[in-house]
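Atoms considered below: every heavy atom in the structure, side chains included; atoms not considered: hydrogens, waters and symmetry mates. Proteins get letters first, then strands, A, B, ... in listed order; numbering begins at 1 in each.
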2 protein chains.
Amino acid sequence: MPAHPQTSTAAVVAAGRRLLEERGVDALTMREVADAVGVRAPSLYKRVRSRSDLFRLVLEDVADELTSVLDAAAMTGDPVADLGAMAAAYRRFAHANPVTYTLMMAPQAIPGATARSVRSSATFLNTVARLAGPMHALPAARTIVAWAHGFITMELAGAFRLGGDVENAWDFGLNRILAAIRRPAD
Amino acid sequence: MPAHPQTSTAAVVAAGRRLLEERGVDALTMREVADAVGVRAPSLYKRVRSRSDLFRLVLEDVADELTSVLDAAAMTGDPVADLGAMAAAYRRFAHANPVTYTLMMAPQAIPGATARSVRSSATFLNTVARLAGPMHALPAARTIVAWAHGFITMELAGAFRLGGDVENAWDFGLNRILAAIRRPAD
DNA sequence: ACCTGAACACCGTTCAAGT
DNA sequence: ACCTGAACACCGTTCAAGT
C-alpha cells in the first residue's frame, strides 16, 4: 500500500530558498524545511541527498533566475545602453536577494555546495563583443562582471564606509569602464 | 589557589585562523580549536565570547594583515605603478588566504560575525587621488577595489569557465581601468 | 513507495565543582 | 582566576517499522 507523496523537490527547494533569504543560513535546518513543506525531517531525504545538496539546488535556482533576468534586460540594440540596463538589472536582483546572491557567489561559504554555476548569459557576451570587438570580448566581459559583482558585494557587506554617494560611485564606475572597453577605432 | 592560564586569545585566534584556512568552515569547532591550543572546549569561553566572536576576531586579523600588505606595496611614487603593485599584492594575498579572504568579504557567510571591517588603506586612497584628482578619488577608489575584489572572488570560485587567459584578463582589466580613471587634463 | 519515531554521533554553550 | 567533566538543547542523518 504505497504512501502518497506529501511534497516535491520543487517545494522543498522553494521553502529552503525562502527560509535562507528571510532568516539566514542558520535557519535553514532540515527540521525547519520539513515543517514548511508539511513533512518530518527524515522524509526530506527522499527529495534531496543532504543539506549541502539542498543548498546547491537553492543556489542553482537563484543562478538560473539571475540568468533570465539578465537576458530580459537587453532591449535597445545599442551595446552601451544594453550593458547599462543589464548591469542595473543585475544589481536590482542582488538587492532583492542579498543573502542568496552573496552565497551563490561565495564559494567556500557552504562546504559541499560548490558545484553550482554562475551561468554566463550568452546575450551579455554578445553585447560585450559588439562594444569591445571580438578579440577583447572575453577579458572585457570579465572586467565588467568582476566590477559589478565586486561593487554589489561590497555594497551589501556595508563596506562603503567612507560616506560619499554610492549611487554616484556606481554610475562613475559603469561609465568609465564601458568607455574604457570600447574598441579604439570604431 | 588560582589556576594558571594555559593559552591566550592570540593563540586561540591563530589556531582558529589556521583551522579555517586549512580545513574549512566546518572544521572550525570549539572542540577542535581547544584541542589545538591544549585546553578543553569550555575554557575557550574565557578568551572569546562565542564561536561567532572567534570568527569575527579571525577575520579582523586577516583584514589587518591585508591592510599592511597593501601599505607596503606602494614604493615607486608613480601612481600607476603603485596601484598596479597594490592590486598585485592584493591578489597575491587573496590567493594565499583563499578561504579566509572570501569569508572576510562575504557578509552573510557567518551570522553574527559581520562587524569586521575591511580597513581602507590610506596609502591606497592617496595614490588614487593623485591619479584621478581629489574630486573623483572616492568613486575611483571604489571602482578599482570593486573590480579587484570581484575578479579575485570569481577566480577563487572557479567562475571563469569559458577558458581564455585569466592572467591576460587581469592585466586587461587593470590597464583599462587605470587609464579610464586618470584625470582627463593632467 | 513514501512517511515516521527513535536513535546516533555530533555541535555550541552553561555551570557547578575542583585547584 | 582559570580549568574541567557533565549536562542540555540542538543539529544532520540513518533505519527499522508502519501504511
Length of the NE2-C1' vector between His4(B) and dC2(D), whole Å: 10 Å
Spacing between Gln6(A) atom CD and dG18(D) atom P, to the nearest angstrom: 19 Å
Any pair counted as salt bridge (charged side-chain N to carboxylate O under 4.0 Å, His left out), so long as it reaches residues 34-48 of chain A, sequence neighbours left out: none
Touch class at under 4.0 angstrom, heavy-atom based, for Pro42(B) against every strand present: base
Qualifying residue for side-chain contact (heavy atoms from CB on, under 4.5 Å) with Arg17(A), from Val12(A), Leu54(A), Leu57(A), Val62(A): Val62(A)
Proximity to the side chain of Arg51(B) - top-ranked nucleotide from dC3(C), dG12(C), dT4(D): dG12(C)
Pair assignment for DNA chain D - dot-bracket with | for other-strand partners, Watson-Crick or G-U under 3.5 Å: ||.|||||...|||||.||
Atom pair CE/NE2 of Met154(A) and His149(B) - distance to nearest 0.5 Å: 6.5 Å
Asp53(B) CG - dT13(C) C1' separation (whole Å): 14 Å
Contact summary for Ile152(B) and Ala94(B), nearest pair of heavy atoms: CG2-CB, 3.4 Å
Under 4.0 angstrom between Arg40(B) side-chain N/O and dG5(D) OP1 or OP2: yes
Where at least one partner belongs to residues 74-87 of chain B, residue pairs that pass salt bridge (charged side-chain N to carboxylate O under 4.0 Å, His left out), sequence neighbours excluded: none
Any residue of residues 43-50 of chain B with a heavy atom less than 4.0 Å from an atom of DNA chain C: Tyr45(B), Ser50(B)
CA sep, side-chain torsions, deciding dist, call: Leu70(B), Phe93(B), side chain to side chain contact (heavy atoms under 4.5 Å, CB included): CA-CA 9 Å; Leu70(B) 283 185; Phe93(B) 181 85; over 6 Å; no
Phe172(A) six-ring centre to Arg142(B) NZ/CZ under 6.0 Å and within 45° of normal: no
Plane angle bin for Trp170(A) and Phe151(A) - parallel if under 30°, tilted between 30 and 60°, otherwise perpendicular: perpendicular
Qualifying residues under salt bridge (Lys or Arg N to Asp or Glu O under 4.0 Å), relative to Glu22(A), sequence neighbours excluded: none
Exercise: do His95(A) and Tyr90(A) side chains pair donor with acceptor under 3.5 Å: no
Identified side-chain contact (heavy atoms from CB on, under 4.5 Å) counterpart of Val33(B) within the set Val48(B), Leu19(B), Leu20(B): Leu19(B)
Members of residues 28-38 of chain A that approach DNA chain D, where some heavy atom sits under 4.0 Å away: Leu28(A), Thr29(A), Met30(A), Arg31(A)
